[in-house]
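Here's the structure, in C-alpha cells; my notes come after.
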Amino acid sequence: MKQQKVNVSFEFFPPKNEGAICSLWNNINRLEPLKPRFISVTYGAGGSTRENTHDLVKQIKKKTNLQPAAHLTCINSTKEEIEFIANDYWISGIKHIVALRGDVPTHNNNVKSDFKYATDLISFLRKKHDFEITVSAYPEIHPDSNSIEQEYDVLKKKIDLGATKAITQFFFDVEYYFKFIDGAIKRGIKIPIIPGILPVTNCERTIEFAKKMNCKMPIKLKNMFKGLDSDQETRKLVAATIAYDQCDKLISGGVKDFHFYTLNRADLSFAICHILGVKPKADK
Ligand code: FAD
C-alpha cells in the first residue's frame, strides 16, 4: 500500500423526502471524520432542486465542520435569479461554487435563459463576489463537444475567467484520465483536475447513464456484475474492489486528490477511502 497522503471530497444530491433527509445526514456524518477537502451538493437541472440544494448547503455549513460547495447550473436561468442565489450564498458564508451549464432541455420549454455556457456563469459570478470556482472537465469529451481540442479550449477559457479547480466526469478506464491530463499539461493548463470516482452499485443504470455521457464502460467491468442482479451485498463488494483498483492505478500515476460521487451513500466511499489510507482522525 502506498503511504502518500490522499485528499478526498464527496458529492451528495439534495434529498427528496423526509426519509431521505434522515438517511442523508447519517451518510454525511459517517464521512465527516474523514476530513474531506470539501463536500459538494448538486443542483437539479433548470433549478428543479433550487430550495433543497440551498437548504442542504446551508445546513452543512451550520451543523458540521465541513466546507460545503454549492453546484449551480445556469441554463434556463435569468441573471436576476442567479444574482439572488449568488448573494444569498455569499452572505451565508458559502464561498465555493461548482459552476456549470447543466443539460440543455430536449423539449422546447420557452424558458428565458440569460446564460448559454458555464463560462457565462463564471464571468457573471466573478463580477459579483470573490467565489472559489470549480468547474467540470470531460476526459472522454462531452456529448455536445466536437473534439477534445474544444474541451481544452473551454477549460482554458474557464480558467482565464477565474476557475481554480476542475472535477472530471466519472470514467472507468484510467487511461482516458491520464491522456487528458497529458494533453492539459501540454496546453499549459495548470489547475488541479480532480478525477470524479463513481462507485457503481447499479450496473444497468450506470451503463445507461454512461452511454448518455459518452463514458465507456469496459466489457470486463460489465462482466463482473453479471449474475448479481438480485445480490446487492456482492454487488457492493465488487463495486468497492473496482473503484479501489481505479484509485490505486491513479495513485500510481501521481494522483493525490479524488472526488467521490457518493449517490448519497457513504458505505462504499468510506470503504474505498479506508483502503486508500484516508481514515477518521482518531484511527490514525
Ligand atoms: P459547459 O462547460 O458549459 O460545456 C457544455 C458544452 O458547451 C460543451 O460542448 C462545451 O465544449 C461547450 N462550451 C462551453 N463553453 C463554451 C463557450 N464559451 N463557447 C463555445 N462552446 C462552449 N448537472 C446538473 O444538472 N447539476 C449538477 O449539480 C451537476 N454537477 C456536475 C458536476 C460535475 C463535476 C460534472 C462533470 C457534471 C455535472 N453536471 C451537473 C452535469 C453537467 O451539467 C452536464 O454535463 C451539462 O451538459 C454540461 O455542463 P457543463 O458546465 O459541464 O457545460
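No hydrogens, no waters, no symmetry mates; every other heavy atom, side chains included, goes into these values. Note that ligands are numbered from 1 as they come in the structure, with each ligand's atoms numbered from 1 the same way.
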(Q) Below the 3.5 angstrom mark, is there an N/O of T168, backbone or side chain, next to an N/O of ligand 1? (A) no
* Asked: So, K220 versus N223: side-chain donor-acceptor pair below 3.5 Å or not?
  -> no
Review point. Is any heavy atom of the protein nearer than 4.0 Å to atom 4 (O) of ligand 1?
Key: no
Polar side chain donor-acceptor pair, H259 to E11, under 3.5 angstrom: yes
For atom 48 (C) of ligand 1, the closest protein heavy atom turns out to be H142 NE2, 3.4 Å
Looking only at protein heavy atoms, what sits closest to atom 33 (C) of ligand 1 is Y261 OH, 3.9 Å
Taking atom NZ of K63 as the centre, does the number of heavy atoms from other residues, nucleotides or ligands within less than 6.0 Å exceed 12?
yes
- Is T42 close to ligand 1, meaning an N/O of one under 3.5 Å from an N/O of the other? no
Is the closest side-chain heavy-atom distance between F10 and F38 below 4.5 Å? no
Are any of the N/O atoms in E11 less than 3.5 Å from those in ligand 1?
-> no
Q.
Would you say that L34 contacts P280 through its side chain, given a criterion of any heavy-atom pair below 4.5 Å between the two side chains?
A. yes
Nearest heavy atom to atom 10 (C) of ligand 1, choosing from S147, S145, A137, belongs to S145
So, regarding T73 and ligand 1 (criterion: nitrogen or oxygen to nitrogen or oxygen, under 3.5 Å), is there a contact or not? no
Here the atoms of ligand 1 under 4.0 Å from any heavy atom belonging to V154 are 10 (C), 11 (O), 13 (N), 14 (C), 15 (N), 16 (C), 22 (C)
Filtering T119, I167, L155 for the heavy atom nearest atom 18 (N) of ligand 1 leaves T119
Contact region, K157 to ligand 1, non-hydrogen atoms below 4.0 Å, reads side chain
In this structure, atom 37 (C) of ligand 1 is nearest to the protein heavy atom Y138 OH, 3.7 Å
Ranking F170, Y43, Y117 by closest non-hydrogen atom to atom 13 (N) of ligand 1, top hit is Y117
Sub-4.0 Å heavy-atom contact, M213 with ligand 1: yes
Of all protein heavy atoms, the one nearest atom 44 (C) of ligand 1 is D103 OD1, 3.3 Å
- Just distances here: any N/O of G44 and N/O of ligand 1 closer than 3.5 Å? no
Assess G102 for proximity to ligand 1: is some non-hydrogen atom of it under 4.0 Å away? yes
Got an N/O contact under 3.5 Å between E151 and ligand 1? no
Is the closest side-chain donor-acceptor distance between H71 and T42 under 3.5 Å? no
**Q.** N or O pair under 3.5 Å between A118 and ligand 1
**A.** yes
When the ring centroid of Y177 is compared with that of F171, is the distance short of 6.0 Å?
yes
For atom 30 (N) of ligand 1, the closest protein heavy atom turns out to be H71 ND1, 3.0 Å
Determine, using heavy atoms of F13 and all atoms of ligand 1, whether some pair is separated by less than 4.0 Å.
no
of all protein heavy atoms, closest to atom 36 (C) of ligand 1 is S136 CB, 3.5 Å
The protein heavy atom nearest to atom 51 (O) of ligand 1 is R101 N, 2.6 Å
Note to self: I want to know whether Y43 and F13 have ring centres closer than 6.0 Å.
What the structure shows: no
Original post:
When the aromatic ring centroids of F170 and F172 are compared, is their separation below 6.0 Å?
Top reply: yes
For atom 31 (C) of ligand 1, the closest protein heavy atom turns out to be L100 CD1, 3.6 Å
- [ ] Compute the shortest N/O to N/O distance between Q169 and ligand 1 and return yes if it is under 3.5 Å, no if not.
- [x] no
